[in-house]
Amino acid sequence: MLRNSRESFGLVSILFHWIIALIFLGQIVLGYSMVRVSDFALQFSLYQWHKSFGFLVLGLSLLRLLWKLANPRPHDLQHMSSLERGASHVAHFILYLSLFVVPLTGWAIASTSPLQIPTFMFDLVVIPQLPMTISDTAEAFWASSHAWLAYLSAIVATGHILAAFHHHFWKRDTILVRMLSPRGQDRKEQQLTGSKS
Ligand code: HEM
Ligand code: HEM
């Protein structure tokens, strides 16, 4: 139940997937909105929330990666073409990479900014700045890299979400249910064989 099998994701991988996915998508909306807010006090507080949740994504993704390395990956469904398998592996790789690169470029903005505003993660822990050259040019470079990478990863995530819905509602296979519950695959297969007999 907790660990992955060759057939399905276990509870820990499922929780990691959904908690991180939810925060990541929330961060895109928060990031987009906070840079466009005109009230300074509100903007300052939104930036602190954005940085805190960003570090949460980074920390959870590190733990998720360790868990992934210690678990088997459920096999691809047999009916998938080699093109579909290749596309899904590339998309998953890009999404995993984004979970690290997007927060790290965000951290680089905070570290290179001449304002040197400290990051208090959820008002609990002070996150140190990265040892980087502090300048307006460096800050602008990392801000633009962070924005580009965040929006590009949002496009890949949108494709990923549409693909999951396509499998569930159009192909009616077990791809989505095995990411919803460790027993989802068995239940759906029982339903399918039940409805055929
Ligand atoms: C899951 C992780 C993250 C996502 C998806 C994300 C996404 C975004 C997005 C979409 C924007 C708006 C870009 C724009 O329209 O200009 C933004 C801005 C920003 N993010 Fe993040 N971010 C993440 C993590 C972080 C972290 C960890 C930090 C800092 C420690 C950070 C610092 C910033 C800052 C300072 C800005 C404003 C840049 C500016 O003033 O132009 N972000 N982020
Ligand atoms: C409504 C939103 C989402 C849905 C419905 C969804 C659905 C799924 C499904 C069904 C799988 C399993 C695919 C398979 O077995 O081959 C999966 C895997 C994955 N998803 Fe999502 N996802 C969503 C959002 C996200 C987001 C926002 C991210 C990251 C930013 C993400 C990253 C991943 C990654 C990295 C995997 C591969 C997991 C692994 O093999 O270890 N997903 N997703």
Side-chain angles (χ1 to χ4, degrees), residues 4 7-10 12-14 16-37 43-44 46-61 64-65 67-69 71-77 80 84-85 87-89 91-113 115 117-121 127-130 139-169 173-180 184-185:
N4 295 357
E7 276 69 47
S8 194
F9 289 98
V12 176
S13 298
I14 292 176
F16 271 133
H17 176 268
W18 291 111
I19 294 171
I20 294 174
L22 196 75
I23 308 176
F24 191 89
L25 295 177
Q27 281 284 89
I28 301 280
V29 178
L30 179 55
Y32 176 86
S33 321
M34 75 183 188
V35 293
R36 287 160 180 86
V37 161
Q43 188 175 55
F44 183 82
L46 293 179
Y47 267 56
Q48 287 296 338
W49 283 110
H50 180 77
K51 293 196 281 180
S52 298
F53 278 108
F55 280 117
L56 188 59
V57 168
L58 187 60
L60 287 175
S61 301
R64 180 183 185 185
L65 189 65
W67 185 256
K68 182 177 168 59
L69 294 175
N71 274 262
R73 189 188 186 280
H75 58 68
D76 292 320
L77 298 187
M80 283 167 74
E84 255 185 309
R85 287 168 201 227
S88 86
H89 291 174
H92 292 166
F93 178 74
I94 295 176
L95 290 173
Y96 267 123
L97 205 63
S98 313
L99 296 177
F100 294 95
V101 174
V102 175
L104 285 174
T105 50
W107 197 355
I109 311 174
S111 306
T112 51
S113 166
L115 294 175
I117 298 171
T119 303
F120 299 103
M121 193 178 163
I127 305 283
Q129 310 286 34
L130 293 169
E139 183 190 12
F141 170 79
W142 288 111
S144 131
S145 311
H146 183 65
W148 270 100
L149 290 166
Y151 292 129
L152 285 175
S153 63
I155 294 172
V156 178
T158 307
H160 168 74
I161 295 166
L162 292 176
F165 288 155
H166 173 74
H167 276 278
H168 189 72
F169 294 110
D173 62 24
T174 52
I175 285 270
L176 181 59
V177 289
R178 73 180 187 174
M179 192 43 114
L180 288 171
Q185 165 127 336

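FYI, the numbering just counts along the sequence from 1. Keep in mind that this is a model prediction, so the values were computed, not measured. Each ligand, and each atom within it, is numbered from 1 in the order the structure gives.
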## Note on the structure
By side chain to side chain donor-acceptor pair (under 3.5 Å), Thr119 pairs with (sequence neighbours left out) Lys51

### Task
Check whether more than 12 heavy atoms from other residues, nucleotides or ligands sit under 6.0 Å from atom CZ of Phe93, and answer yes or no.
no

### Message
As a test of understanding, state which of His167, His166, His168 forms a side chain to side chain contact (heavy atoms under 4.5 Å, CB included) with Leu176.
### Response
His168

### Query
At distances under 2.8 Å, what protein N, O or S atoms surround atom 21 (Fe) of ligand 2?
His17 NE2, His160 NE2

### Closest protein heavy atom to atom 40 (O) of ligand 1, given as residue, atom name and distance to 0.1 Å
Tyr47 OH, 2.9 Å

### Query
Can you tell which part of Arg36 has a heavy atom less than 4.0 Å from ligand 1: side chain, backbone, both or neither?
side chain

### Task
For atom 1 (C) of ligand 1, find the nearest protein heavy atom and state the residue, atom name and distance (0.1 Å precision).
Phe24 CD1, 3.6 Å

### Query
If you measure from each non-hydrogen atom of Ile20 to ligand 2, which part falls under 4.0 Å: side chain, backbone, both or neither?
neither

### Query
With atoms numbered from 1 as shown, which atoms in ligand 2 lie under 4.0 angstrom from a non-hydrogen atom of Leu25?
27 (C)

### Within-shell test, His167 vs ligand 2, heavy atom, strictly < 4.0 Å
no

### Task
May I ask you to list the atoms of ligand 1 that are less than 4.0 angstrom from any heavy atom of Ile28?
5 (C), 10 (C)

### Query
Got the closest protein heavy atom to atom 19 (C) of ligand 1, with its distance?
Met34 CE, 3.3 Å

### Message
Which of the numbered atoms in ligand 2 are under 4.0 angstrom from any heavy atom belonging to Arg178?
### Response
14 (C), 15 (O), 16 (O)

### Distance filter under 4.0 Å to Lys68 heavy atoms, resulting ligand 2 atoms
39 (C), 40 (O), 41 (O)

### Task
Give the atoms of ligand 2, by number and element, whose distance to some non-hydrogen atom of Phe9 is under 4.0 Å.
12 (C), 15 (O), 39 (C), 40 (O)

### Task
List the closest protein heavy-atom neighbour of atom 41 (O) of ligand 1: residue, atom name, distance to the nearest 0.1 Å.
Ala143 CB, 3.9 Å

### Query
Is Tyr151 in polar range of ligand 1, meaning some N or O pair under 3.5 Å apart?
yes

### Task
Nearest heavy atom to atom 30 (C) of ligand 1 wins, so pick from Tyr32, Trp142, Phe55.
Phe55

### Query
Do any heavy atoms of Phe93 fall under 4.0 Å from ligand 2?
no

### Protein N/O/S atoms closer than 2.8 Å to atom 21 (Fe) of ligand 1
His50 NE2, His146 NE2

### Summary
Taking only non-hydrogen atoms of Val57 and a 4.0 Å limit, the atoms of ligand 1 in range are 1 (C)

### Message
I need the contact type for Trp18 against ligand 2. Using non-hydrogen atoms and a strict under-4.0 Å cut-off, is it side chain, backbone, both or neither?
### Response
side chain

### Summary
Contacts of Val37 meeting side-chain contact (heavy atoms from CB on, under 4.5 Å) (sequence neighbours excluded), chain-then-number -> Asp39, Leu42, Gln43, Leu46

### Task
Starting from atom 39 (C) of ligand 2, locate the nearest protein heavy atom and write down its residue, its atom name and how far away it is, to 0.1 Å.
Tyr96 OH, 3.4 Å

#### Entry: Ligand-side contact atoms (ligand 1) for residue partner Ala147, heavy atom cut-off under 4.0 Å
13 (C), 14 (C), 16 (O)

### Task
Report yes or no: does Arg64 have a heavy atom closer than 4.0 Å to ligand 2?
yes

